[in-house]
S.K.: 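I have a structure I would like to understand better, so I am pasting it below and will then ask my questions one at a time.
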Amino acid sequence: MGMKKTIHKVAIATIMIIALSAGMTFALLSHVTESVTNVFASDKNLSLELREPQWDGYTFDDTYPTDILPGTSVKPGMENSGLQMAENYLPGNVISKDPMVKNTSDGLSEWVAIKVQYFDENGKAIGKTDFQKKYAKTAYQNDEVNPNFVKISDHAAIEELYMYTRTLDATAGKNITEPLFSSVIVNKDLTPNSKNMWPTFSIKVTGYAVQSDGVSEDAARQALIELAKG
């Protein structure tokens, strides 16, 4: 019993002290400083260009004419381009197509990726496996794609996203990737369509970039995947 009384006294004393403190009012000298807003701004822009010099003749030193879509017209004076062969292809043809990207930012380094999409003769997006069975496959030396690119996504199984394995600096010599692939090989056993003509098909490539300063490779990979979904 003696122990229980002691415990109750301590508890009551604690409650009383809290109640007393809450009820007290203090008059203190005080002062509030003026607010200061620090504005952080930058004139640096992240930018990227895509070219296929063996496809249409346009290099990173060239600017596409404003009245054409990139990749749809051959640079004047260009001969034996991939585009010219693609317009009159035959089964078994090896057609030059070499998508690559360049960091054109103002002093910023980048993680970059290239998305590849495949379309059938009706303009419908299809997966790479079906595309290869029906039409053609990409090639880079002994591989389908350059080993310095790594596939990081095949969103909805109808498009593939390949990330370059190193960052691109903004300085010359370190700002351009190698080609993702160098050619498209048309199937030798291609089947004519209902009009007894070789079918039309297409490959679409798109480049993406995110900053690399302060960004890990894993974080950049996720950011590029989300960017490519848009």
Side-chain angles (χ1 to χ4, degrees), residues 42-66 68-86 94-117 137-153 159-185 202-228 230:
S42 175
D43 60 357
K44 294 184 179 297
N45 291 314
L46 199 68
S47 59
L48 187 73
E49 290 183 356
L50 185 147
R51 292 288 188 273
E52 298 176 291
Q54 295 302 313
W55 170 256
D56 60 13
Y58 288 95
T59 70
F60 291 111
D61 294 327
D62 301 312
T63 300
Y64 280 113
T66 57
I68 67 167
L69 290 174
T72 62
S73 180
V74 177
K75 180 181 177 180
M78 174 70 173
E79 296 181 0
N80 301 317
S81 69
L83 177 54
Q84 290 166 321
M85 181 177 286
V94 178
I95 300 173
S96 296
K97 186 173 175 67
D98 53 343
M100 61 186 76
V101 293
K102 177 183 179 180
N103 177 359
T104 55
S105 298
D106 180 17
L108 296 176
S109 58
E110 302 173 339
W111 288 106
V112 300
I114 297 177
K115 181 169 70 175
V116 185
Q117 297 169 278
K137 66 178 182 179
T138 63
Y140 183 86
Q141 297 179 2
N142 296 322
D143 300 300
E144 289 184 7
V145 298
N146 188 323
N148 288 319
F149 284 85
V150 176
K151 186 171 74 170
I152 58 174
S153 175
E159 58 190 43
E160 296 183 315
L161 185 65
Y162 293 90
M163 182 177 179
Y164 200 48
T165 53
R166 69 170 178 83
T167 60
L168 293 185
D169 293 338
T171 55
K174 299 180 180 179
N175 57 349
I176 302 176
T177 68
E178 302 159 64
L180 174 60
F181 47 84
S182 56
S183 61
V184 175
I185 305 174
S202 60
I203 299 175
K204 180 181 179 180
V205 290
T206 309
Y208 300 90
V210 297
Q211 72 177 70
S212 65
D213 294 333
V215 180
S216 69
E217 184 173 352
D218 287 341
R221 181 184 298 109
Q222 292 304 314
L224 287 166
I225 290 172
E226 291 302 314
L227 187 62

S.K.: Carefully, step by step, assess Trp111 and Glu217 under the rule side-chain contact (heavy atoms from CB on, under 4.5 Å).
M.R.: CA-CA 8 Å; Trp111 288 106; Glu217 184 173 352; 3.8 Å; yes

S.K.: Take Ile95 and Trp55, measure what side-chain contact (heavy atoms from CB on, under 4.5 Å) needs, and give me the verdict at the end.
M.R.: CA-CA 8 Å; Ile95 300 173; Trp55 170 256; 4.0 Å; yes

S.K.: Determine whether more than 12 heavy atoms belonging to other residues, nucleotides or ligands lie under 6.0 Å from atom NZ of Lys204.
M.R.: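 Counting other residues, nucleotides and ligands, NZ of Lys204 stays at 12 neighbours or fewer.
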
S.K.: Determine the minimum heavy-atom distance between Ser73 and Ile68, stating which atoms define it.
M.R.: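 Heavy atoms only, the tightest pair is CB-CD1, 3.5 Å.
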
S.K.: With a 3.5 Å distance limit and no angle check, can you tell me whether Lys115 reaches the backbone of Ala228 through a side-chain donor-acceptor pair?
M.R.: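 Yes, because the side chain of Lys115 sits within donor-acceptor range (under 3.5 Å) of the backbone of Ala228.
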
S.K.: Nearest 0.5 Å please: distance from the NZ atom of Lys75 over to the CG atom of Asp56.
M.R.: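 That separation rounds to 9.5 Å.
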
S.K.: Compare every heavy atom of Thr59 with every heavy atom of Pro53, then report the nearest pair and how far apart it is.
M.R.: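 Closest heavy-atom pair between Pro53 and Thr59: CB-CG2, 4.1 Å.
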
S.K.: Under a 4.5 Å cut-off applied to non-hydrogen side-chain atoms, are Leu161 and Ile152 in contact?
M.R.: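 Yes, at least one pair of side-chain atoms sits under 4.5 Å.
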
S.K.: Ignoring hydrogens and geometry, is there a side-chain-to-backbone donor-acceptor pair from Asn103 to Leu108 under 3.5 Å?
M.R.: yes

S.K.: Please assess Asn175 against Asp169 for the test side-chain contact (heavy atoms from CB on, under 4.5 Å), listing each intermediate value before the final yes or no.
M.R.: CA-CA 5 Å; Asn175 57 349; Asp169 293 338; 5.7 Å; no

S.K.: So which heavy atom on Val74 is nearest to which on Ser81, and how close?
M.R.: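 For Val74 and Ser81, the tightest heavy-atom pair comes out as CG2-OG, 3.4 Å.
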
S.K.: Could you tell me whether a side-chain N or O of Arg51 sits under 3.5 Å from a main-chain N or O of Lys102, the two making a donor and an acceptor?
M.R.: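 Not at all, since once roles are kept as given, no pair shorter than 3.5 Å links the two residues.
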
S.K.: Just do the side-chain contact (heavy atoms from CB on, under 4.5 Å) check on Arg221 and Met163 with the steps written out, would you?
M.R.: CA-CA 7 Å; Arg221 181 184 298 109; Met163 182 177 179; 4.0 Å; yes

S.K.: Kindly compute the distance separating CE (Met100) from CG (Leu180), expressed to the nearest 0.5 Å.
M.R.: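 The CG atom of Leu180 is 10.0 Å from CE of Met100, to the nearest 0.5 Å.
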
S.K.: In chain order, what residues pass the ring-ring contact (aromatic ring centres under 6.0 Å, His included) check against Phe149, with sequence neighbours excluded?
M.R.: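 Expected list: Tyr164.
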
S.K.: If only atom types and distance count, is the side chain of Thr138 paired as donor or acceptor with the main-chain N or O of Val184 below 3.5 Å?
M.R.: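 Not a single qualifying donor-acceptor pair exists.
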
S.K.: Say whether, by atom type as modelled, one donor and one acceptor occur between the side chain of Thr177 and the main chain of Val101 under 3.5 angstrom.
M.R.: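 Yes.
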
S.K.: With a 3.5 Å distance limit and no angle check, can you tell me whether Ser182 reaches the backbone of Ala139 through a side-chain donor-acceptor pair?
M.R.: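 Checked: pair present.
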
S.K.: Starting at OH of Tyr208, measure out to CG of Leu50 and round the result to the nearest 0.5 Å.
M.R.: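 If I round to the nearest 0.5 Å, the distance is 10.5 Å.
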
S.K.: For residues Leu48 and Gly207, report the shortest heavy-atom separation together with the two atoms involved.
M.R.: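 Nearest heavy atoms, Leu48 then Gly207: CD2-C, 3.7 Å.
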
S.K.: Would you kindly say whether Asp213 and Ser109 are connected by a side-chain donor-acceptor distance under 3.5 Å?
M.R.: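 The answer is yes; a qualifying pair exists.
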
S.K.: Heavy atoms, side chains only, cut-off 4.5 Å: are Ser96 and Ser183 in contact?
M.R.: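 Counting from C-beta outward, Ser96 and Ser183 never come under 4.5 Å.
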
S.K.: Got a second to check how far Glu178's CD is from Arg166's CZ, nearest 0.5 Å?
M.R.: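 The distance works out to 7.5 Å.
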
S.K.: Considering all heavy atoms of both residues, which atom of Glu49 and which atom of Phe60 are nearest to each other, and what is their separation?
M.R.: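 Of all heavy-atom pairs spanning Glu49 and Phe60, the closest is O-CE2, 3.5 Å.
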
S.K.: Please give me the minimum heavy-atom distance between Phe181 and Glu144, naming the atom from each residue.
M.R.: CB-O, 3.7 Å

S.K.: Using 4.0 Å as the upper bound for N to carboxylate O, is an ion pair formed by Lys97 and Glu52?
M.R.: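 Result for this pair is yes, salt bridge flagged.
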
S.K.: Do Asp98 side-chain atoms and Gln54 backbone N/O form a donor-acceptor pair below 3.5 Å?
M.R.: yes

S.K.: Counting distance only, does the side-chain N/O of Thr171 pair as donor-acceptor with the main-chain N or O of Lys174 below 3.5 Å?
M.R.: no

